[in-house]
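Notes for the one structure printed next.
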Amino acid sequence: MLKGKHVVLGVTAGIAAYKACEVVSRLSKLGANIDVIMTQNATKLVAPLTFETLSKRPVVIDTFERIESWDVKHISLAQKADVMLVVPATANLMAKLASGIADDMLTTTLLATKAPIMLAPAMNTGMWTAEATQSNLAVLKDRGVLTVGPASGILACGDIGAGRMSEPIDIVEAVIKLLAARQDMQGKRVLVTAGPTVERIDPVRYMTNDSSGKMGYALAEAAQKRGAAVTLVSGPVHLPVPAGVTLVSITSTQDLYDAMMMHAANQDIIVQAAAPADYKVQQVADQKIKKQDGENLILKLVENPDVAKAVGKQKQPHQILVGFAAETQNIVANAQRKLQSKSLDMIVANDVTQEGAGFGVDTNIVTLITKDAVKPLEIMSKHEAANCIWDEAVALAGAPLLHPARV
Ligand code: CTP
């Protein structure tokens with residue numbers, strides 16, 4: 001996702017410096033080249049060798065150390081960077097940056113760069129809320145410096161409040177959002193389904209499924225950013241529609257079926273992340289059902305169409321169909337069964353009982369299953385997961401992906 005991108009990562013002497021190791025590791029796995037610059041004090045908290053091993057490059061510390069290459073290090077790094085990230089950014093670093101002080105390798109490089117600067121501040125609540133820090137922050141923001149966090153929580157000093165550094169996963173997510181503007185899906189038409197469906201019982205009651213729509217919306221946003229023409233068929237959710245995406249709103253599973261029958265044939269890749277209700281009430285009451293004291297209420301449910309199966313039946317040779325399987329047990333076996341029965345090319349399985357996966361949260365832990373492979377991915381943001389799913393789907397589609405009618 002970040003192949004060919006150059007991240008210059010500054011590490012200052014906050015206790016959260018150890019978390020920068022995970023940031024480097026994650027960025028490196030996404031294909032980024034990383035140069036780490038540490039302040040002298042930061043080297044007392046984490047050994048440079050850790051960063052050297054994770055980034056596979058020498059760590060830069062001292063402005064005046066003799067180097068084998070002829071380039072002026074702080075200038076060459078400043079020019080090479082696609083982003084300059086500081087993890088953690090202490091109050092001291094923010095103050096120096098705000099006033100243009102350049103007294104070590106990190107601050108000289110920050111002053112010289114034209115690349116976007118992103119800070120992950122971390123400090124004690126009192127230091128964070130101090131007028132000096134807040135006014136430095138305002139100056140930096142005014143100059144276009146980006147920040148991730150800080151979050152609130154229990155701090156290393158025992159205080160509870162704002163100042164806790166954002167989690168590595170969120171910092172990496174912010175870098176992806178900034179840098180991963182690949183256009184490898186240009187010319188492709190993709191359709192994503194998202195959110196739950198709602199089945200009416202009477203004018204004031206309904207049945208639905210757990211689904212925030214976050215995964216589907218992240219998929220739509222990522223595909224649009226990568227250049228695809230995106231149709232998002234969505235059940236009722238509380239999320240903004242990503243810019244440039246065509247929204248088709250649906251309510252019930254029957255609506256979803258109708259929308260898919262209308263739009264599916266035209267697509268190159270279809271990813272069905274919606275959680276459609278499998279059943280609907282046989283007879284929706286015209287009026288509010290009144291409580292019958294002491295009597296149980298029995299609703300007769302009838303099966304809804306299996307939308308993915310119906311789309312699979314009409315699958316065209318050039319199309320790639322991807323489904324989701326939210327499971328609570330026998331994840332891989334259940335997902336493989338769905339892969340086959342719904343004529344899918346890939347199924348994204350997740351164990352919704354795991355912490356960090358499933359409904360409402362911003363992260364997911366998915367396994368990508370195709371006919372020939374089972375690929376478990378680590379916990380990642382839904383945005384990162386979306387890009388991994390597209391990577392796989394685009395690879396399955398092969399290039400070029402052109403609808404026969406448009407050749
Ligand atoms: N799906 C669908 N229509 C349905 C139910 C599910 O299109 N009526 C799609 C979902 O969008 C998802 C895939 O099928 O891509 C798997 O959904 P899931 O709810 O996990 O599977 P079901 O087939 O409903 O099986 P079960 O509920 O028994 O696990």
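Values in this document were obtained by computation on a predicted structure and should not be read as measured data. Just follow the structure's listing: the first ligand is 1, and inside any ligand the first atom is 1.
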Scan residues 196-223 for pairs that pass side-chain hydrogen bond (donor to acceptor under 3.5 Å, both in side chains), counting only residues two or more places apart or in two chains.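 side-chain hydrogen bond (donor to acceptor under 3.5 Å, both in side chains) check on residues 196-223 returns Thr197-Thr253, Glu199-Thr253, Glu199-Asn304, Asp202-Arg205, Lys214-Asp362, Tyr217-Ser234, Glu221-Lys225.
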Which pairs with one or both residues in residues 283-298 pass side-chain hydrogen bond (donor to acceptor under 3.5 Å, both in side chains), sequence neighbours excluded?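 Pairs touching residues 283-298 that pass the test: none.
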For Pro88 versus Val11, what's the shortest heavy-atom pair and its separation?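 That closest heavy-atom pairing would be CD-CG1, 4.2 Å.
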What residues, two or more places apart in sequence or in another chain, satisfy side-chain contact (heavy atoms from CB on, under 4.5 Å) together with Met118?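 Scan of Met118 (side-chain contact (heavy atoms from CB on, under 4.5 Å), adjacent residues dropped) gives Val83, Leu85, Leu146, Val148, Ala174, Val175, Leu178.
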Is the number of heavy atoms from other residues, nucleotides or ligands under 6.0 Å of Gln340 CD greater than 12?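 No, not enclosed.
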Given a heavy-atom cut-off of 4.0 Å, could you list the residues near ligand 1 in chain and number order?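 For ligand 1, the contacting residues are Gln272, Ala274, Pro276, Asp278, Pro305, Asp306, Val307, Ala308, Gly323, Phe324, Ala325, Ala326, Lys338, Lys342.
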Looking at Glu327 and Lys338, is any side-chain nitrogen of the basic one under 4.0 Å from a carboxylate oxygen of the acidic one?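 Counted as a salt bridge, because a side-chain N and a carboxylate O are separated by less than 4.0 Å.
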